[in-house]
Protein chains: 2
Amino acid sequence: MDDFVSNYVNRLDSKGRVSIPAPYRQILAREGTEGLFCSPSMDRAAVDAGGHGLRKAIDEYLEPFDVFTEEREILATALLGESESLKIDKDGRVVLSEKIKAHTGITDSVVFVGHGYKFQIWQPEKYEAFKVEAAKEAIALRKSLSARRQALRQAGEGA
Amino acid sequence: MDDFVSNYVNRLDSKGRVSIPAPYRQILAREGTEGLFCSPSMDRAAVDAGGHGLRKAIDEYLEPFDVFTEEREILATALLGESESLKIDKDGRVVLSEKIKAHTGITDSVVFVGHGYKFQIWQPEKYEAFKVEAAKEAIALRKSLSARRQALRQAGEGA
DNA sequence: CATAATATCCCATGGTATCCCATTAAGGGT
DNA sequence: ACCCTTAATGGGATACCATGGGATATTATG
């Protein structure tokens with residue numbers, strides 16, 4: 001049950017390094033990954049990051065699409081072609097590439113957000129904005145989900 | 001079938017630590033959890049806490065949503081990204097994060113409220129206020145529920 | 001091939017979390 | 001009523017972590 005949870009804000013130093021939060025490092029170490037796999041989010045100013053768990057999720061996502069098909073090429077380009085593997089130094093730090101900084105708007109501070117099998121990297125202010133939006137939408141989603149379940153139960157009783 | 005029941009009030013010490021009630025500790029130990037999983041309630045000044053049981057509930061809630069979808073990202077952010085896993089020390093205590101204290105209004109005292117598979121963490125006065133409100137609503141709910149059951153029974157007899 | 005530029009290693013430091021032990025209080029059994 | 005166990009709490013000592021920066025290795029460039 002080792003999953004990326006919680007969120008942490010760390011600072012970039014003058015050399016552009018940032019510490020991966022210690023709890024995340026331990027998970028990555030247990031996964032046996034060297035290098036932090038980073039894949040820019042398609043629709044947000046965030047980067048998906050992780051180890052084998054994330055790689056596996058991507059592979060399984062691509063799997064149903066036949067190789068050499070248009071869809072496969074497009075998805076592979078977005079999910080793998082634009083990704084990179086950042087080197088983790090002896091002190092558990094990485095240097096963010098220019099591409100990641102441009103995509104996220106990160107300049108001097110990073111927030112790491114746990115998503116279970118992966119985590120995301122954000123510029124703190126952008127994450128704050130997304131978070132309040134996500135909180136609202138999560139409540140709406142929950143309502144519609146429980147309404148649907150309720151309807152299913154009653155249909156079941158009626159039968 | 002060990003469930004979190006009853007409620008307990010404990011104090012924070014000068015370092016911000018608070019003892020998890022011993023009966024809860026035993027349940028967590030049997031679940032084989034290390035770390036207390038804490039998830040801020042979406043609509044109340046409370047925090048849901050527990051071990052594997054709670055994590056499992058959240059994972060099952062996320063499971064039907066495909067990875068890399070909008071809904072999944074939103075729910076993962078709200079349910080995992082904003083949660084944390086608090087370390088339980090050798091004496092069965094945790095330190096509440098600033099985020100939890102801010103969300104709940106806790107300053108020097110905590111009440112632990114059993115909810116079966118999980119328990120909640122409240123600031124004592126806020127919990128008292130919520131409790132009387134919940135008691136009223138429970139009566140109203142019971143009425144509407146039993147009316148609904150009655151109707152269903154009669155419909156069944158009629159058929 | 002030389003030299004600059006960059007990346008990685010290695011060690012130091014301050015702040016905080018965790019360990020470990022002591023004290024106090026509250027049952028439980030005899 | 002008394003001992004014995006268990007729980008909650010307090011506090012000093014220790015370990016860990018994020019961060020900074022000098023030293024060394026690696027890569028790029030003229």
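Labels below follow one simple rule: chain letters A, B, ... track the order of the sequence lines, proteins then strands, and each chain is numbered from 1. Computed over heavy atoms, backbone and side chain alike; hydrogens, waters and symmetry mates excluded.
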**Prompt:** Closer than 4.0 Å, any side-chain N/O of Gln26(B) to the OP1 or OP2 of dT6(D)?
**Reply:** no
**Request:** Calculate the interatomic distance between Leu96(A) atom CG and dA7(C) atom P; express it in whole Å.
**Result:** 12 Å
**Asked** Please give, in whole Å, the distance from dT6(C) P to Glu98(A) CD?
**Response** 11 Å
**Item:** Mutual orientation of the aromatic rings belonging to Trp122(B) and Phe130(B) [parallel < 30°, tilted 30-60°, perpendicular > 60°]
**Value:** parallel
**Prompt:** Counting any heavy atom closer than 4.0 Å, what does Lys87(B) reach on the DNA or RNA strands: base, sugar-phosphate only, or nothing?
**Reply:** sugar-phosphate
**Asked** Hey, is Arg44(A) close enough to Glu70(B) for a salt bridge, meaning N to O under 4.0 Å?
**Response** yes
**Message:** Any carboxylate oxygen within less than 4.0 angstrom of a Lys/Arg side-chain nitrogen, looking at Asp91(A) and Arg17(A)?
**Reply:** no
**Request:** Using a heavy-atom cut-off of under 4.0 Å over every strand shown, decide if Arg11(A) touches base, sugar-phosphate, or nothing.
**Result:** sugar-phosphate
**Asked** What is the distance, rounded to the nearest whole Å, between atom CG of Leu86(B) and atom C1' of dT16(C)?
**Response** 15 Å
**Request:** Rounded to the nearest angstrom, tell me the gap between atom NZ in Lys90(A) and atom C1' in dT8(C).
**Result:** 9 Å
**Prompt:** For Arg93(B) and dA17(C), is the shortest distance between a side-chain N/O and OP1 or OP2 below 4.0 Å?
**Reply:** no
**Asked** Looking at five pairs on each end of the helix from dC1(C)-dG30(D) to dT30(C)-dA1(D), what is the angle between the two axes, given to 10 degrees?
**Response** 30°
**Prompt:** Parallel, tilted or perpendicular for Phe112(B) and Phe119(B), by the 30°/60° rule?
**Reply:** tilted
**Taking every non-hydrogen atom, the tightest pair across Ala49(B) and Ile121(B)** = CB-CD1, 4.1 Å
**Asked** To the nearest Å, how far apart are Asp89(A) CG and dC11(C) C1'?
**Response** 13 Å
**Asked** To the nearest angstrom, how far is Asp13(A) atom CG from dG22(D) atom C1'?
**Response** 13 Å
**Message:** At less than 3.5 Å, do the side-chain atoms of Asp91(A) and the base atoms of dC11(C) form a donor-acceptor pair?
**Reply:** yes
**Prompt:** Taking the side chain of Ser14(B) as its heavy atoms from C-beta onward, which of dG11(D), dG20(D), dC10(C) lies nearest to it?
**Reply:** dG11(D)
**Prompt:** Any idea which heavy atoms bring Tyr117(B) and Ala57(B) closest together, and the distance?
**Reply:** CE1-CB, 4.0 Å
**Asked** Are the charged groups of Glu73(B) and Lys118(A) less than 4.0 angstrom apart, N to O?
**Response** yes
**Message:** Between Asp43(B) and Arg142(A), does any NZ, NE, NH1 or NH2 come within less than 4.0 Å of an OD or OE carboxylate oxygen?
**Reply:** yes
**Item:** Nearest-nucleotide pick for Val95(A), side chain only, options being dA8(D), dT8(C), dC19(C)
**Value:** dT8(C)
**Prompt:** CD of Glu34(B) versus P of dT18(C): gap in Å, rounded?
**Reply:** 12 Å
**Asked** Arg17(A) side chain: which of dC19(C), dT19(D), dC10(C) is closest?
**Response** dC10(C)
**Message:** Between C1' on dT19(D) and CG on Asn10(A), what's the gap in Å once rounded to a whole number?
**Reply:** 9 Å
**Request:** Would you mind classifying the nucleic acid contact of Ile88(B) as base, sugar-phosphate or nothing, using non-hydrogen atoms under 4.0 angstrom?
**Result:** nothing
**Asked** Is any side-chain N or O of Lys15(B) under 3.5 Å from a base N or O of dT9(D), one able to act as donor and the other as acceptor?
**Response** no
